[in-house]
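Notes to accompany the following structure.
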Amino acid sequence: MEKRELLYEGKAKKVFATDDENVLLVDYKDDATAFNGLKKGTIAGKGEINNRVTNFMMKLLEKEGVKTHYVEELSNRETLVKRVSIVPLEVIIRNISAGSFAKRYGTEEGIVFDEPTIEFSYKNDDLGDPLINAYHAIALKLATKEEIEKIKAMAFKVNDVMKEFFAGIGIDLVDFKLEFGRLSDGEIVLADEISPDTCRFWDSKTHEKLDKDRFRRDLGNVEDAYNEMMKRIFSK
Ligand code: TMP
């Protein structure tokens, strides 16, 4: 497959066209941002780790019956994916209180929920990705009612698979963000990435944070955390 023109450059990835109009090439960068791009930095080796971790998770999820955009890993930083139109929603699943949930509701972090929660943010940088409910998403025509139901079911399935996998490598899956896309025939598939940028991972015993919160909160040892996650995931 031939790499062609740059179509889009985001905060953490570049997307290129290929000679197949239904296939795109994603190139992961070491750039890191937080707080809607206000905080900027570099996490050495992040591009490679996020590429390989994402692909590992996409393959695991496919095996468990979750349809994804994954096609093929080309190199340490580059992956082929199916072209989708992204549903402009960030889909967030939480198993344990942390981050904006703890802040919004005035709770401490680390409360284990009886049931996972789901919420949506409207992907819109100008508005700062505001929280949105399913009715508003349908009213704004971001997705249909049927698509929202499908996305919810897929997101909870992803949580079941990932929670079990991470428990097996000594990690509590605190929360994570997913994005979904539509294939040309309208089928909803899991897209984007699943990595320490988009999940909260806490060591099950020590509760040490092994994810992007080390960058967001200036906790230090950011690269060590990404490397530790990579090592544990690929030891399985
Ligand atoms: P939050 O607690 O800040 O809402 O984050 C919930 C989860 O979503 C957390 O695992 C980090 C992830 N996330 C992203 O992937 N991208 C984002 O822009 C934000 C704000 C959170």
Side-chain angles (χ1 to χ4, degrees), residues 8-13 26 28-41 43 46-47 49-51 53-54 57-58 61 68-69 86-113 116-133 137 142 151-152 154-156 158-159 161-163 165-167 171-181 190-204 207-219 222 225-226 228-229 233:
Y8 170 79
E9 179 159 3
K11 295 179 195 124
K13 302 186 275 301
V26 180
Y28 286 74
K29 308 191 285 187
D30 285 352
D31 299 350
T33 67
F35 315 117
N36 201 13
L38 236 54
K39 182 183 175 86
K40 290 191 176 67
I43 302 173
K46 175 170 90 79
I49 291 170
N50 286 3
N51 181 46
V53 167
T54 295
M57 297 314 302
M58 293 286 178
L61 289 163
T68 80
H69 71 162
I86 288 284
V87 177
L89 293 172
E90 298 199 337
V91 180
I92 295 157
I93 296 274
R94 301 179 192 269
N95 297 302
I96 299 175
S97 67
S100 68
F101 181 97
K103 197 168 175 199
R104 182 177 318 116
Y105 302 120
T107 70
E108 57 187 311
E109 298 196 305
I111 300 165
V112 180
F113 303 146
T117 68
I118 190 164
E119 77 213 37
F120 304 102
S121 291
Y122 177 20
K123 259 174 79 72
N124 184 318
D125 282 341
D126 294 339
L127 300 177
D129 297 342
L131 193 66
I132 189 172
N133 74 28
L142 307 181
I151 285 170
K152 274 199 221 168
M154 288 174 78
F156 283 122
V158 169
N159 187 45
V161 173
M162 292 213 325
K163 240 178 90 168
F165 172 79
F166 284 107
I171 295 290
D172 289 342
L173 179 62
V174 175
D175 57 31
F176 56 94
K177 185 265 298 179
L178 301 174
E179 294 185 29
F180 292 85
L190 181 64
D192 195 51
E193 67 177 280
I194 300 175
S195 71
D197 272 19
T198 63
C199 305
R200 285 196 172 94
F201 297 128
W202 293 355
D203 183 276
S204 308
H207 302 295
E208 185 188 0
K209 295 183 193 339
L210 295 170
D211 56 62
K212 195 179 168 187
D213 269 350
R214 302 206 72 85
F215 170 79
R216 295 189 189 98
R217 304 179 185 192
D218 296 319
L219 300 176
V222 183
Y226 279 71
E228 176 65 20
M229 283 309 303
I233 291 165

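Start at 1 and go down the list; that is how both ligands and their atoms are numbered. Note that the structure is a prediction, hence the values are computed from the model and not measured.
Distances below 4.0 Å separate heavy atoms of G99 from the following atoms of ligand 1: 2 (O). Per-residue contacts place F176 under 4.0 angstrom from the following atoms of ligand 1 (heavy atoms of the residue considered): 10 (O). Close contacts between ligand 1 and R94 involve ligand atoms 1 (P), 2 (O), 4 (O), 6 (C) [criterion: under 4.0 Å to a heavy atom].
By the neighbour-count criterion of 12 heavy atoms within 6.0 Å, atom CZ of F156 is densely surrounded, having more than that number from other residues, nucleotides or ligands. Within a 6.0 Å sphere centred on NZ of K163, heavy atoms belonging to other residues, nucleotides or ligands number 12 at most.
Using a 4.5 Å cut-off on side-chain heavy atoms (C-beta onward), S121 and I92 make contact.
Of the protein's non-hydrogen atoms, the one nearest atom 3 (O) of ligand 1 is R200 NH2, 3.7 Å. In terms of protein heavy-atom proximity, atom 8 (O) of ligand 1 is closest to K177 CB, 3.5 Å. With hydrogens left out, the protein atom closest to atom 7 (C) of ligand 1 is D175 OD1, 3.6 Å, a heavy atom. Among all protein heavy atoms, the one lying closest to atom 4 (O) of ligand 1 is S100 OG, 2.5 Å.
Atom 20 (C) of ligand 1 is not flagged as protein-proximal [any protein heavy atom, distance under 4.0 Å].
Checking side-chain atoms of D172 against main-chain N and O of V174 turns up no donor-acceptor pair under 3.5 Å.
When heavy-atom distances to ligand 1 are checked against a 4.0 Å cut-off, C199 comes that close only through its backbone atoms N, CA, C and O. Only the side chain of R216 comes within 4.0 Å of ligand 1, counting heavy atoms alone; its backbone N, CA, C and O stay farther away. At a heavy-atom cutoff of 4.0 Å, ligand 1 is contacted by the backbone of D197 but not by its side chain.
K46 meets the salt bridge (charged side-chain N to carboxylate O under 4.0 Å, His left out) test with D197; sequence neighbours excluded.
Across the listed options E90, K11, R104, E90 owns the non-hydrogen atom lying nearest to atom 18 (O) of ligand 1.
Listed by first and then second residue, the side chain to side chain donor-acceptor pair (under 3.5 Å) pairs that reach into residues 87-98 are R94-S100, R94-E119, R94-D175, N95-N159, sequence neighbours excluded.
Taking the centre of each ring, F176 and F166 stay at or above the 6.0 Å mark.
Considering E179, H69, M58 in turn, E179 is the only one that fulfils the side-chain contact (heavy atoms from CB on, under 4.5 Å) rule with D192.
Using cut-offs of 30° and 60° for the angle between ring planes, the W202 and H207 rings count as perpendicular.
Distances from ligand 1 to the non-hydrogen atoms of K212 include no value under 4.0 Å.
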